[in-house]
Amino acid sequence: MPPTTLMAAAIQMVSGDELSANLAAAGRLVAEAAAQGARFAALPEYFYLMPEDETARIALAEPFGDGPIQRHVAALAREHGVWLLAGSVPLVSPEPGRFYNSSLLFDPQGRCAARYDKIHLFGFDDGEQRYREADTMSAGDDIVTAATPWGATRLSICYDLRFPELYRAGPAPLLITAPAAFTHTTGRAHWELLLRARAVENLAFVVAPGQGGVHPGGKRTFGHSLIVDAWGEVLACHAEGEGIALATLDFARQAAWRARLPALAHRRLGQA
């Protein structure tokens with residue numbers, strides 16, 4: 001029988017430009033989340049590195065299945081006996097000078113249970129700030145649903161939140177993960193709005209860990225790591241700086257909401 005509840009943690013970081021320090025911080029925060037009872041913990045996008053020069057991540061790209069970043073996260077999952085989402089890890093791409101920005105889900109034995117390569121690459125230019133992920137990244141192609149003890153979990157990353165069709169594809173997810181490094185400008189305007197919308201229209205829980213502070217080069221991320229229930233209520237939020245948003249996901253309550261709105265579930269499954 002699947003569990004009726006799950007203690008989840010959205011881990012917020014303020015990652016810098018030193019890989020070892022970032023991995024150490026991730027390890028400390030995962031240990032803290034597990035000590036507080038989390039059985040599922042999620043790290044933010046780019047937890048391993050937030051450099052001034054975006055091209056610095058290219059040199060860290062690892063083959064899928066091996067590399068210091070993947071080994072570190074696998075060991076943390078195994079040590080603490082938790083399901084652990086590596087918000088994004090740089091994986092080798094066949095395109096020269098680019099990498100896949102990939103979200104990896106590890107089971108409590110440290111095995112990679114799912115890989116999602118970010119499909120929608122962020123671009124922003126307001127005349128003063130310019131950011132273009134396509135300069136250093138290859139886009140993924142496949143929507144990914146992880147089979148977990150609590151049910152179908154849809155993986156996504158940051159800018160994907162603006163594309164609701166990614167979440168509507170079957171199988172219907174009970175949980176959506178959305179690790180991010182939202183800029184402060186766009187996050188202040190749209191972060192909570194998008195997360196709650198994705199939760200409500202899919203009747204799914206959303207766990208969204210973010211970067212939340214000032215990084216090398218002066219880049220500022222919005223933070224406000226959230227856990228949102230399937231009715232759109234914010235269960236937990238960590239606003240700024242390093243920390244953890246922790247909440248219990250009640251799948252029995254979610255099932256009751258879905259039973260009351262069968263037409264929505266019918267459309268979501270592509271049967272209408």
Side-chain angles (χ1 to χ4, degrees), residues 1-11 29-43 73-87 103-116 142-156 166-179 195-196 198-209 225-237 244-272:
M1 288 287 294
T4 57
T5 62
L6 175 70
M7 182 73 80
I11 295 174
L29 289 163
V30 170
E32 183 180 332
Q36 293 184 51
R39 308 288 12 115
F40 169 65
L43 293 165
V73 178
L76 288 174
R78 195 163 49 244
E79 177 184 356
H80 299 291
V82 297
W83 284 82
L84 181 57
L85 184 79
S103 196
L104 304 181
L105 179 64
F106 292 86
D107 70 16
Q109 289 73 48
R111 299 173 299 211
C112 186
R115 166 187 174 176
Y116 166 70
D142 298 324
I143 295 173
V144 173
T145 306
T148 66
W150 55 85
T153 297
R154 180 65 40 79
L155 273 59
S156 66
L166 184 149
Y167 306 97
R168 292 173 181 160
L174 296 184
L175 173 62
I176 291 168
T177 59
L195 291 170
R196 296 179 69 189
R198 298 298 85 87
V200 169
E201 64 196 13
N202 293 283
L203 289 176
F205 289 100
V206 178
V207 175
S225 295
L226 295 182
I227 299 178
V228 183
D229 74 12
W231 204 244
E233 179 182 353
V234 175
L235 300 180
C237 173
I244 299 170
L246 190 73
T248 298
L249 313 186
D250 187 338
F251 294 109
R253 193 178 184 202
Q254 178 187 41
W257 287 329
R258 289 187 168 207
R260 293 177 195 145
L261 292 169
L264 176 61
H266 187 66
R267 286 196 299 272
R268 288 190 63 266
L269 293 168
Q271 297 169 347

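From a predicted model like this one, the values you see are computed outputs, not experimental measurements.
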Looking only at non-hydrogen atoms, find the nearest pair between Q36 and M7 and report the distance.
-> O-CE, 4.4 Å

State the CZ-OG1 distance between R154 and T145, to the nearest 0.5 angstrom.
-> 3.0 Å

Which atoms form the tightest heavy-atom contact between V144 and A114, and what is the distance?
-> CG1-CB, 4.3 Å

Any side-chain heavy-atom pair of R253 and D229 under 4.5 Å | yes

When rounded to the nearest 0.5 Å, the distance separating CZ of R115 from CG of D142 is 10.0 Å

Nearest 0.5 Å please: distance from the CG atom of L85 over to the CZ atom of F40.
-> 5.0 Å

Sequence neighbours excluded, the answer for side chain to side chain donor-acceptor pair (under 3.5 Å) partners of R39 is none

Mind checking side chain to side chain donor-acceptor pair (under 3.5 Å) for D107 and listing every partner two or more places apart, or none if nothing turns up?
-> R111

Can you name the closest pair of heavy atoms from I143 and L166 and give their distance?
-> CG2-O, 3.8 Å

Under the side chain to side chain donor-acceptor pair (under 3.5 Å) rule, collect the residues that match up with W150, sequence neighbours excluded.
-> T148, T153

Would you give the length of the straight line joining atom CG of L76 to atom CG of L84, rounded to the nearest 0.5 angstrom?
-> 6.5 Å

Would you say the side-chain atoms of Q109 pair up with the backbone N or O of R78, donor to acceptor, closer than 3.5 Å?
-> no

Starting at CZ of F205, measure out to CG of L174 and round the result to the nearest 0.5 Å.
-> 8.5 Å

Do L235 and T248 touch side chain to side chain, with heavy atoms closer than 4.5 Å?
-> no

Residue pair L43 / P209: nearest heavy atoms and the distance that separates them | O-CG, 3.4 Å

Check: I176 and N202 side chains under 4.5 Å, non-hydrogen atoms | yes

Is the side chain of Q254 donor-acceptor paired with the backbone N or O of L203 at a distance under 3.5 Å, no angle test?
-> yes

T4 (side chain) donor-acceptor with A252 (main chain) under 3.5 angstrom | no

Checking V206, V234, V207 against L226 for side-chain contact (heavy atoms from CB on, under 4.5 Å), the one that qualifies is V234

T5 side, atom OG1; F251 side, atom CZ - distance, nearest 0.5 Å | 8.0 Å

Validation row: I11, V30 side chains within 4.5 angstrom (heavy atoms) | yes

Donor-acceptor pair between S156 and Y167 side chains, under 3.5 angstrom | yes

Mind listing the closest non-hydrogen atom pair of A245 and S225 along with its distance?
-> CB-O, 3.7 Å

Does E201 come within less than 4.0 Å of R168, counting only side-chain N to carboxylate O?
-> yes

Return the minimal non-hydrogen interatomic distance between V228 and A199, and the atom names on each side.
-> CG1-CB, 3.8 Å

